[in-house]
Q: 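First the structure, which I've put down as structure tokens, then a few questions once you've had a look.
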2 protein chains.
Amino acid sequence: MLSIGKLSEAAGVKVPTIRYYEQIGLLPEAGRSTGNQRLYGPAARDRLAFIRHARDLGFPLDAIRDLLGLSDRPDQPCAAVDSIAKAQLLAVEGRIARLMALKSELERMITQCAGGSVADCRVIECLGSHAHCTTDHGRDLAEVSE
Amino acid sequence: MLSIGKLSEAAGVKVPTIRYYEQIGLLPEAGRSTGNQRLYGPAARDRLAFIRHARDLGFPLDAIRDLLGLSDRPDQPCAAVDSIAKAQLLAVEGRIARLMALKSELERMITQCAGGSVADCRVIECLGSHAHCTTDHGRDLAEVSE
DNA sequence: ATAACTTCTCTAGCAACTAGAGGTTCAAGA
DNA sequence: TCTTGAACCTCTAGTTGCTAGAGAAGTTAT
């Protein structure tokens, strides 16, 4: 049996994060020692590793909750799993596309700046006027978020 | 003079967001009508457009606060502006690199899945074992966030 | 036994907003 | 002029995925 600290080390997930996952129901309530401290077996470690890996791949916790539910029913078809993964892939591709547009605009802004005073700084001017923009990166930055 | 609703339309920033910006000190406190409603002039509109554009480019509000401070002192050299913009460019490039790695791992996972039952789903297996991973995307997802 | 370390619960905070409750004010039509 | 309905006001709380801290209790090593 592992203490929460050992589990934390083993899975590469911080201690408060483990407690947080338990709190939101991603991990089942852990058994307790006589002194009320959490104790974990190998199943908990595997489940936590799964969560961690999925988080590393950018899956939101809700999607991970679904994936865990599916992995508990091995006889079901895996189409649902695939669709979650594909949605995640699409999200990632969207973010990349968006960030590439931002990158080129930032580069353009920066290279145009001659390095004088703020009064004729291209960066400030571009941010202020919006007129020199090539892309219409205007809408919903939220989609870039991870 | 513009009401907050008109300003919202003009700048493409939602009404509660404008109030939020005022609350955190990004926008100065607006003048009020006799009935206590906010009224804005052209200066506020320009400032808000600046903020919006910078947000579209992914600058965090703290950086925008700095940029606004700098743009109010046009006689200063613009090196500070440049360095903020360059930091933002670096951040964007980092996120892109990270997301590209995620994308290829997701693609690999998905294409390997033969589409049977969950029991032999590659996606679930890969998430669980971490052994088939090529990349060590393990550390600090936080850097991808926007 | 005592010190140092870990764990416990609980609350609050981060970014950057968004949503809602419950109450005013404003602009336009009858 | 009155009235309706939209827009405005303040305030609180929620979002995502944690992280930080307080203060108390358990555990481990010497």
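Proteins get letters first, then strands, A, B, ... in listed order; numbering begins at 1 in each.
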Q: Could you write nucleotides 3-24 of chain D as a row of B, S and -, 5' to 3', where a protein heavy atom under 4.0 Å of any base atom gives B, of only sugar-phosphate atoms gives S, and otherwise -?
A: -----SSB------BBS-----
Q: Distance-only criterion, 3.5 Å: show the donor-acceptor pairs between side-chain atoms of residues 26-43 of chain A and protein atoms not counting sequence neighbours.
A:
residue	atom	partner	partner atom	Å
A:R32	NH1	A:N36	O	2.8
A:R32	NH1	A:N36	OD1	3.4
A:S33	OG	A:G35	N	3.1
A:S33	OG	A:N36	N	3.4
A:S33	OG	A:Q37	N	3.1
A:R38	NE	A:E22	OE1	3.0

Q: Starting from P on C:dA15, measure out to CD1 on B:I64 and report it in whole angstrom.
A: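 Distance, rounded to whole Å: 13 Å.
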Q: Is there a side-chain contact (heavy atoms from CB on, under 4.5 Å) between B:I96 and B:L99? Walk through the geometry before answering.
A: CA-CA 5 Å; B:I96 290 172; B:L99 286 169; 5.8 Å; no
Q: So, are A:D72 and A:R47 salt-bridged, with charged N and O less than 4.0 Å apart?
A: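 Yes, this pair counts.
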Q: Considering only NZ, NE, NH1 and NH2 on the basic side and carboxylate oxygens on the acidic side, decide whether B:D82 and A:R122 come within less than 4.0 Å.
A: no
Q: To the nearest Å, how far apart are B:I18 CD1 and C:dA16 C1'?
A: 15 Å
Q: Under the salt bridge (charged side-chain N to carboxylate O under 4.0 Å, His left out) rule, collect the residues that match up with B:R19, sequence neighbours excluded.
A: none
